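Every chain is numbered from 1, with letters handed out A, B, ... down the list of sequences. Predicted model, so just to flag it, every value in this text is computed and none were measured. The basis for the numbers below is simple: all heavy atoms, side chains too, and nothing from hydrogens, waters or symmetry mates.
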Amino acid sequence: MFQQYSLAHVQFMLTGLGWTVTLALIALVGGSIAGSVLTLMRVSSNAILSRIAQFYIFVVQGTPLLVTLFIAYFGASYVGFAVQPLVAIAVAFSFYAAAFLGDIWRGAIQSVPGGQHEGAHALGLSRVAAMRYIIIPQAIRIATPPTVGFFVQLIKNTSLASVVGIVELTRTAQIVSNATFKPLEVYLTAALFYFLVCFPITLFSRRLEKRLNV
Amino acid sequence: MSSIERTAAGISVVRASQVCKYYGGFQALDHIDLNVEKGETIVVCGPSGSGKSTLIRCLNALERHQSGKLTVCGVEVNDSRQSVDAVRRKTGMVFQNFNLFPHMTVIENCMIAPMKVRGMSRDQARATAERFLARVHIPEQADKYPAQLSGGQQQRVAIARALSMSPELMLFDEPTSALDPEMVREVLDTMVELAKEGSTMICVTHEMNFARQVADRVIFMDRGSIVESGAPEAFFARPETERAREFLAQILN
Ligand SMILES: Nc1ncnc2c1ncn2[C@@H]1O[C@H](COP(=O)(O)OP(=O)(O)OP(=O)(O)O)[C@@H](O)[C@H]1O
Ligand SMILES: [Mg+2]
């Protein structure tokens, strides 16, 4: 009555992995773009923009991603927008990631010592030039480890996408586990797949840190 | 913007008249009057918290004064973008903590402003930077990063970086205070050379030998005011105020 845990199951889980990677890319790209906007708002000298960004970060950071996703999917269709699951996910993940990245990146920019701004300004560099050539390159180094940590977190959070019907890695593992009743083997395989996606990113970040760390 | 003003004695680089600066309710500069002419070397000294840094930071608009009139290198310092940009382009500043850019090599530190502010080509900027690194006697350090240099070398890079913008006025805020004693000399020697070549310099420093050697005037500040101003020999030999006497007694021992 239970199926044998076989290569076909692993292949099925690989299709789930494909979805997981796709979702992660959407979340990373969307989150980075929205996070950049939020960072700029946060460090801008315009007090209103900065306050709006601060409020946004405060609210979204305090909301579980699952709830954000429910709002983007069920909430939107309730008020009359029939959204594709993938669109709801892109929106929810981007909004969620933006709130964290905006905060991480603002912190990194603000932790570059004040003397660096003064050094740049005393040389006549404009505010924009000082940001671009002096502050942001140093902020990137500071922001790299927490950003990568958050990205890895985000990749693992894509498993939440199953609630809106996307058959990603965790969901495929569930299906296979139910069919084979080999939960240990199946979930260990899923864990291995997650690791294979996350590990290169961690490795890349170490490499990047070393290169930037002069 | 007014052009450079000529006085009977020469070309005025700094003209401060009744300049006041407040931090909240605290008055950091109290009706400062100061004239500096082209080629002069001025040493500013005084007890901690007397407003020395505040004064020279107002000169390049790192701080904004609230009242009084301040003209630096022919530019009236006010809140306008043009004024701030112009005055910073014409002045160079050397900080106590160097403020070198740690992610750039020594030569890149000296090239960035000429390229991005003056619009020099990379080759031009490199040639200029090399010239000034040679002038502060560290041409061979060009491709190192600041963290790989000694404190004295870093401060000389900071001087070269400021010079590479060909400033009309150089501001120094305690350039040797963060240095180990054995490195103070090399930085002071560089500053002496600059002074002797005719640069206009305002130096906040407690290096009284430097003041004796090259200063045209010593300015003594206390509680936000300029209390004394005179030739170094006279100031050291016969300070006019009790506060200056106490201060000299302290730092000369
Ligand atoms: N950003 C600031 N906010 C508030 N008060 C300040 C600020 N900067 C300086 N002050 C105050 O203004 C006064 C003058 O400071 P300033 O740094 O000009 O003194 P200084 O003569 O350079 O002293 P030091 O020899 O310690 O460097 C001090 O009392 C200081 O506490
Ligand atoms: Mg000071």
Side-chain angles (χ1 to χ4, degrees), chain A residues 32 36 39-41 43-50 101 104-148 204-214, chain B residues 53 56-57 59-63 73 75 81-82 84-106 108-119 143-148 154 157-158 160-167 169-173 178:
Chain A
S32 298
S36 306
T39 304
L40 287 179
M41 287 171 71
V43 300
S44 96
S45 48
N46 183 324
I48 298 172
L49 281 183
S50 177
L101 293 176
I104 291 172
W105 294 346
R106 172 204 54 84
I109 285 174
Q110 290 181 346
S111 65
V112 175
Q116 294 291 308
H117 291 268
E118 291 187 349
H121 289 150
L123 283 167
L125 290 169
S126 67
R127 211 178 118 84
V128 173
M131 268 290 160
R132 171 155 173 215
Y133 301 109
I134 310 303
I135 306 303
I136 290 180
Q138 296 182 59
I140 287 175
R141 212 199 80 200
I142 299 169
T144 299
T147 301
V148 170
F204 171 74
S205 108
R206 287 230 192 97
R207 187 92 50 79
L208 194 68
E209 254 183 277
K210 230 176 249 167
R211 196 165 64 81
L212 294 170
N213 196 357
V214 283
Chain B
S53 300
I56 67 164
R57 290 162 60 85
L59 299 183
N60 67 349
L62 281 184
E63 301 285 354
C73 303
V75 180
R81 199 67 254 168
Q82 296 98 300
V84 172
D85 285 349
V87 80
R88 287 183 184 162
R89 227 173 293 143
K90 293 179 176 201
T91 54
M93 186 174 233
V94 175
F95 301 86
Q96 183 172 350
N97 299 315
F98 325 139
N99 293 345
L100 294 177
F101 307 134
H103 60 300
M104 294 179 173
T105 61
V106 162
E108 286 167 351
N109 264 274
C110 300
M111 289 164 64
I112 184 79
M115 284 165 62
K116 301 304 169 191
V117 181
R118 291 230 187 282
D143 295 316
K144 288 195 183 161
Y145 284 91
Q148 297 169 296
Q154 290 189 47
V157 172
R161 181 176 75 174
L163 291 175
S164 66
M165 286 294 282
S166 313
L169 169 67
M170 281 288 281
L171 305 168
F172 294 83
D173 193 356

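If you measure heavy-atom distances from L100(B) to chain A, the contacts under 4.5 Å come from the backbone alone. For F101(B), the parts lying under 4.5 angstrom from a heavy atom of chain A are both the backbone and the side chain. Using a 4.5 Å cut-off between heavy atoms, N97(B) does not touch chain A at all.
G124(A) approaches R88(B) most closely through the heavy-atom pair CA-CB, 3.9 Å. Smallest separation of non-hydrogen atoms from G119(A) and R161(B): CA-NH2, 4.1 Å. Taking both residues in full, the closest heavy atoms of L62(B) and H121(A) are given as CD2-CB, 4.1 Å, listed atom of the first, atom of the second, then distance.
A search for side chain to side chain donor-acceptor pair (under 3.5 Å) contacts involving S53(B) returns D173(B), not counting sequence neighbours. Under the rule for a side chain to side chain donor-acceptor pair (under 3.5 Å), the partners of R81(B) that lie at least two apart in sequence or sit in another chain are D85(B). Under the rule for a salt bridge (Lys or Arg N to Asp or Glu O under 4.0 Å), the partners of E118(A) that lie at least two apart in sequence or sit in another chain are R57(B).
Using a 4.5 Å cut-off between non-hydrogen atoms, the part of residues 125-135 of chain A that approaches chain B consists of L125(A), Y133(A), I134(A).
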